[in-house]
Amino acid sequence: MSHVVKKRKLDKTRQDSLYFDSYSDVTIHEEMIADHVRTNTYRMAILRNSECIRGKVVLDVGAGTGVLSIFCAQAGAKKVYAVEACSIAEQAERIVQQNHMEDKIQVIRGTVETVDLPERVEVIVSEWMGYALLHESMLNSVLYARDKWLQPGGVILPSKAELYIAPISDPVVEDRLHFWYTVKDQYGVDMSCMSDFARRCIMNSDITVNSVTVEDVLSHPARFAELDLHTVTVEELRSVKGQFRCESFGSAAVNAFCVYFTVTFPCPDKPHALVLSTSPFKPETHWKQAVLYLDAPIDVVQDTLVTGEVCMYPSEESARHICIHVDYTIGEQKKQSKTFSIPDWSSEAQP
């Protein structure tokens with residue numbers, strides 16, 4: 001008896017359960033804490049905002065191990081509510097006690113949508129970003145906390161997010177495709193006909209999370225979207241889109257786009273804001289970049305125009321998963337379109 005695999009839309013409770021369970025293991029927290037760019041940027045941003053935090057009440061949304069809550073206490077917060085929905089909250093309580101912060105930090109187990117805080121807050125801090133910024137859609141919870149618990153004129157850290165795109169040439173893909181032409185020389189069996197099949201498998205519709213090297217980026221990145229966390233709405237997150245325009249650096253074959261993000265922390269009384277960047281031109285983070293493979297490579301030369309529009313929206317199967325639709329035109333080629341999604345661990349086989 002044969003079975004087919006069908007993607008079934010999961011109810012929100014199941015989606016949330018899968019999401020929070022993924023944060024109950026030590027591995028993901030080790031990866032995040034070990035990401036020096038991420039953790040140290042948050043630490044510096046919180047300390048640089050000490051004038052806004054000192055003596056104030058802070059809400060840490062999705063506190064995890066509680067490290068950001070401790071940074072806020074070190075910056076002088078009067079009280080920090082560390083809200084965490086998964087079982088890692090138990091470890092956060094132990095870490096708070098180990099650092100003698102239990103008089104300032106209260107760990108609250110639950111989602112920010114369901115917990116009841118004893119007071120409104122003056123600062124919200126959260127590390128909510130997922131792959132391609134919006135995967136996992138934790139930003140919705142931050143906006144809920146903003147609307148329900150943040151006092152007027154309150155501080156949000158970070159306060160702004162921006163999305164960028166650039167055409168790239170991934171040499172690893174071309175090497176893998178060329179591999180099938182080398183089999184005959186090695187073993188006397190011509191397998192070059194596998195190349196088309198390999199191309200369909202490799203250059204598929206998955207959002208591939210990978211590190212892009214600077215040498216493979218073919219133009220200056222173009223910003224296509226900006227989110228102001230003080231004003232953006234959940235409704236607006238259902239379709240985050242914008243146009244882009246790039247000019248290629250030189251002769252190459254475009255076989256993918258890379259998408260990355262930055263978030264910005266306000267720094268009062270400082271000449272510049274603090275930016276956490278996941279750009280391939282900056283030190284690597286655990287977010288790396290989101291790589292979107294085209295169906296086939298397209299040759300470009302110096303100053304070839306690459307234009308288009310990106311639209312990011314929640315998957316129909318799971319609202320916590322992001323889809324990216326790209327309309328693009330490269331040089332004199334006609335406009336093409338492709339929709340990408342992150343492989344869904346919530347897909348289930350149904351008879």
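What you see is a predicted model, and the numbers here were worked out from it, not measured in a lab.
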Exercise. Could you walk me through whether Glu113 and Ser141 pass the side-chain hydrogen bond (donor to acceptor under 3.5 Å, both in side chains) test, one step at a time?
Key: CA-CA 7 Å; Glu113 291 86 355; Ser141 296; 2.7 Å; yes

Practice problem: Search all heavy atoms of Ala273 against all heavy atoms of Phe265 and return the closest pair with its distance. | Solution: CB-O, 3.4 Å

Quiz prompt | Check against side chain to side chain contact (heavy atoms under 4.5 Å, CB included), Glu51 and Ile53 | solution = CA-CA 6 Å; Glu51 288 300 314; Ile53 294 173; over 6 Å; no

Practice problem: Output, in order, the C-alpha distance, side-chain angles, deciding distance and verdict of side-chain hydrogen bond (donor to acceptor under 3.5 Å, both in side chains) for His29 and Thr65. | Solution: CA-CA 7 Å; His29 297 283; Thr65 56; 5.0 Å; no

Quiz item: Do other residues, nucleotides or ligands put more than 12 heavy atoms under 6.0 Å from the NZ atom of Lys148?
Solution: yes

Self-check item: Intermediate values then yes/no, side chain to side chain contact (heavy atoms under 4.5 Å, CB included), Val212 and Tyr260
Solution: CA-CA 10 Å; Val212 175; Tyr260 70 90; over 6 Å; no

Quiz item: Take atom CD in Gln186; do more than 12 heavy atoms of anything else shown fall under 6.0 Å from it?
Solution: yes

Exercise. Determine the minimum heavy-atom distance between Val83 and Leu59, stating which atoms define it.
Key: CG2-CD1, 3.5 Å

Exercise. Tell me whether Val326 is reachable from Met203 by hopping between hydrophobic residues (I, L, V, M, F, W, Y) whose side-chain heavy atoms are closer than 4.5 Å.
Key: no

Quiz item: NZ of Lys241: more than 12 outside heavy atoms within 6.0 angstrom?
Solution: no

Quiz prompt | Leu177 with Trp180, same ILVMFWY side-chain cluster at under 4.5 Å | solution = no

Quiz item: Given side chains that start at C-beta, do those of Lys79 and Lys56 come closer than 4.5 Å, heavy atoms only?
Solution: no

Quiz item: Checking Thr208 side chain against Ala290 main chain: does a donor-acceptor pair fall under 3.5 Å?
Solution: no

Self-check item: Arg120 CZ: over 12 foreign heavy atoms closer than 6.0 Å
Solution: yes

Practice problem: Check Gln333 against Ile298 and note the closest heavy-atom contact, atom names and distance. | Solution: CG-CG2, 3.9 Å

Quiz item: Can you find a heavy atom in the side chain of Ile88 that is under 4.5 Å from one in the side chain of Gln91?
Solution: yes

Quiz item: Taking side chain as C-beta onward, heavy atoms only, is Thr233 less than 4.5 Å from Leu143?
Solution: no

Quiz prompt | Euclidean distance, Asp35 CG relative to Lys288 NZ, rounded to 0.5 Å | solution = 10.5 Å

Quiz item: Within a radius of less than 6.0 Å around CZ of Arg109, do more than 12 heavy atoms belonging to other residues, nucleotides or ligands occur?
Solution: yes

Self-check item: Closest non-hydrogen atom pair, Gln97 against Glu102
Solution: CA-OE1, 3.6 Å

Quiz item: Does a sphere of radius 6.0 Å around CD in Glu30 hold more than 12 heavy atoms from other residues, nucleotides or ligands, not counting ones at 6.0 Å or beyond?
Solution: no

Quiz item: Tell me, do Leu276 and Met129 make a side-chain contact under 4.5 Å, heavy atoms counted?
Solution: yes

Quiz item: Would Met138 and Ser126 count as a side chain to side chain contact (heavy atoms under 4.5 Å, CB included) if you check the C-alpha gap in whole Å, the side-chain angles of each, and the deciding distance to 0.1 Å?
Solution: CA-CA 9 Å; Met138 190 182 151; Ser126 181; 3.4 Å; yes

Self-check item: Whether Trp287 and Phe261 hold their rings parallel, tilted or perpendicular, with breakpoints at 30° and 60°
Solution: perpendicular

Exercise. Quick one: pull up CD in Glu122 and NZ in Lys78 and give me the separation to the nearest 0.5 Å.
Key: 6.5 Å

Practice problem: Side-chain contact test, heavy atoms from C-beta onward, threshold under 4.5 Å: evaluate it for Thr264 versus Pro158 and give yes or no. | Solution: no

Quiz item: Does Tyr293 reach the side chain of Asp170, with side-chain heavy atoms less than 4.5 Å apart?
Solution: yes

Quiz item: What do the steps show when you test Ser169 against Asp216 for side-chain hydrogen bond (donor to acceptor under 3.5 Å, both in side chains), and what is the final call?
Solution: CA-CA 5 Å; Ser169 179; Asp216 297 337; 6.0 Å; no

Quiz prompt | Option among Phe224, Tyr164, Phe257 that satisfies the ring-ring contact (aromatic ring centres under 6.0 Å, His included) test with Phe244 | solution = Phe257

Quiz item: Out of Val259, Val291, Ile324, which residue meets the side-chain contact (heavy atoms from CB on, under 4.5 Å) rule with Ile207?
Solution: Ile324

Quiz prompt | Worked verdict on Ser195 versus Ser192 for side-chain hydrogen bond (donor to acceptor under 3.5 Å, both in side chains) | solution = CA-CA 6 Å; Ser195 180; Ser192 59; over 6 Å; no

Self-check item: Gap between atom CD1 of Ile46 and atom SG of Cys52 - 0.5 Å precision
Solution: 12.0 Å

Practice problem: For Ala161 and Leu229, work out which heavy atoms get closest and say how close. | Solution: N-CD1, 4.3 Å

Self-check item: Arg38 bridged to Glu127 by N-O distance under 4.0 Å
Solution: yes

Quiz item: If Ile, Leu, Val, Met, Phe, Trp and Tyr residues are connected whenever their side-chain heavy atoms lie under 4.5 Å apart, and connections chain through other members, are Ile33 and Met101 in the same group?
Solution: yes

Quiz prompt | Side chains of Asp206 and Phe340 in contact at under 4.5 Å (non-hydrogen atoms) | solution = no

Quiz item: When rounded to the nearest 0.5 angstrom, what distance separates CG in Leu163 from CG in Leu227?
Solution: 6.5 Å

Quiz item: Shared ILVMFWY cluster between Leu47 and Val155, side chains joined below 4.5 angstrom?
Solution: no

Quiz prompt | Sidechain N-carboxylate O distance under 4.0 Å for Glu136, Arg320 | solution = no

Quiz prompt | Same apolar cluster: Phe179 and Met191, side chain cutoff 4.5 Å | solution = yes

Self-check item: Ser337 OG to Glu309 CD distance, which is reported to the nearest 0.5 Å
Solution: 10.0 Å

Quiz item: Above 12 or not: heavy atoms from other molecules or residues under 6.0 Å from NE2 of His220?
Solution: no

Exercise. Quick one: pull up CD1 in Ile322 and CG in Leu134 and give me the separation to the nearest 0.5 Å.
Key: 4.5 Å

Quiz item: Do Pro283 and His36 have side chains that get closer than 4.5 Å, going by heavy atoms?
Solution: no

Practice problem: Measure across Ile342 and Tyr131 and return the closest heavy-atom pair with its distance rounded to 0.1 Å. | Solution: CD1-CB, 4.0 Å

Quiz item: What do you reckon, is CD of Gln98 surrounded by more than 12 foreign heavy atoms closer than 6.0 Å?
Solution: no

